[in-house]
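Quick note: numbers below take in every heavy atom, side chains included, and nothing from hydrogens, waters or symmetry partners.
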There are 2 protein chains.
Amino acid sequence: MALEIAKIEAILRGIAILLLVSTACLVGLDSQTKFVIVYEKEVTYKDLHALVVLVYVDAVAAAYNLLQLCRCSVSALSQGNFKGSYRYLSWACFVLDQLAAYTTFAAHSAALQHSVLVITGAKVFQWMKWCNRFTRFCFQIGGALTCGYIASVLMVMISFISAFNLFRLYSPKHFLRLKGT
Amino acid sequence: MALEIAKIEAILRGIAILLLVSTACLVGLDSQTKFVIVYEKEVTYKDLHALVVLVYVDAVAAAYNLLQLCRCSVSALSQGNFKGSYRYLSWACFVLDQLAAYTTFAAHSAALQHSVLVITGAKVFQWMKWCNRFTRFCFQIGGALTCGYIASVLMVMISFISAFNLFRLYSPKHFLRLKGT
């Protein structure tokens, strides 16, 4: 049964890695050049600083999930050999998974906010909208953000699994006391 | 012991409500009028749509926490009287707390991203910065966002507590089986 939940976790992590990498690639490789009035203008993801942050966060999150995937397979192979340190490992996984989930979620929300501003503009600040000129660029970013949000939801589910793995070790009657003791 | 964790939860929820309400008030009541070149200009939170979303999210989150606070005190008074429905209540609290934590976190990140843009501007898009003109307005928003982030962190901690309350009911050996069965 414990193997089953580990299998679900591994599958979720695998899909999350694929989605995170494709988000980072879609954003990072996106660029478009167009004539604007008199001069040629090129937009890349570096022009929107929220997207730069997003690429870094996605890369780090993918690397982290890859490491966790290795941990999953190692602990599946040597099951029961390091029972003593199991609780500390669960705590570490729990904290890191929560951090990863909240960070990716926040980064995607910030990028979405910036993208919406590029689409709508802000009249009060005399900020022009740009997406009617750089349409292909904007559609690619939209696709990337969709991928990224699915990855975020998967990471939230992974963080639920690691919370489950940690907290079920504790007694339902006494605060922060292990079930075995 | 179960009472102790309920007490911690109630205190955290109380502080979170205060912080959320003060964030919403600080943002909602913020406005500044200045002469810009030839005409008078007033900025309010309605000019930055991320801040409008933030005010609504904070208000809803504060109301939700108030409801939960009532639930805490009711379940403290009638302890053990509705054991059968305890698991479903724990599941509902867990899901709602997670939703609330992620939503407030995302809303604050989006608002922070918009505020950074107002401070820095974006040269490539010919977006001017505005904070050098509306300094007091910007400082008040900054203070509000700090309050809001502290509230978000508190809500994340509350969601940990509700995860703990739910998952410790389950057996550490069998997947999704209750400890008592």
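Using cut-offs of 30° and 60° on the angle between ring planes, the pair B:F167 and A:F164 is perpendicular. Between B:Y102 and A:F105, the ring planes are perpendicular. Angles over 60° get that label, and only those under 30° would be called parallel.
Centroid-to-centroid, the aromatic rings of A:F160 and B:F94 come within less than 6.0 Å.
How far NE2 of B:H108 is from OG of A:S109: 12.0 Å, rounded to the nearest 0.5 Å. Rounded to the nearest 0.5 angstrom, A:R168 CZ and B:L169 CG are separated by 13.0 Å.
The local environment of CE in A:M157 is sparse, with at most 12 non-hydrogen atoms from other residues, nucleotides or ligands closer than 6.0 Å. Around atom NZ of A:K34, more than 12 heavy atoms belonging to other residues, nucleotides or ligands sit under 6.0 Å away.
Of all non-hydrogen atoms in A:H114 and B:W127, the two that sit nearest each other are NE2-CZ3, 4.2 Å. Across all their heavy atoms, B:Q113 and A:A110 have their closest contact at CG-O, 3.3 Å.
B:S152 does not touch chain A: none of its heavy atoms, backbone or side chain, sits under 4.5 Å away. Residue A:T44: no heavy atom, backbone or side chain, is found under 4.5 Å from chain B.
A:V60 and A:M155 fall into different hydrophobic clusters, where Ile, Leu, Val, Met, Phe, Trp and Tyr residues are linked whenever their side-chain heavy atoms come under 4.5 Å apart, directly or through other members. Note on A:V156 and B:L99: separate hydrophobic clusters, where clusters join Ile, Leu, Val, Met, Phe, Trp and Tyr whose side-chain heavy atoms are under 4.5 Å apart, directly or indirectly.
Of the residues considered (A:V118, A:L112, A:L166), A:V118 shows the highest number of contacts with chain B, using heavy-atom pairs under 4.5 Å.
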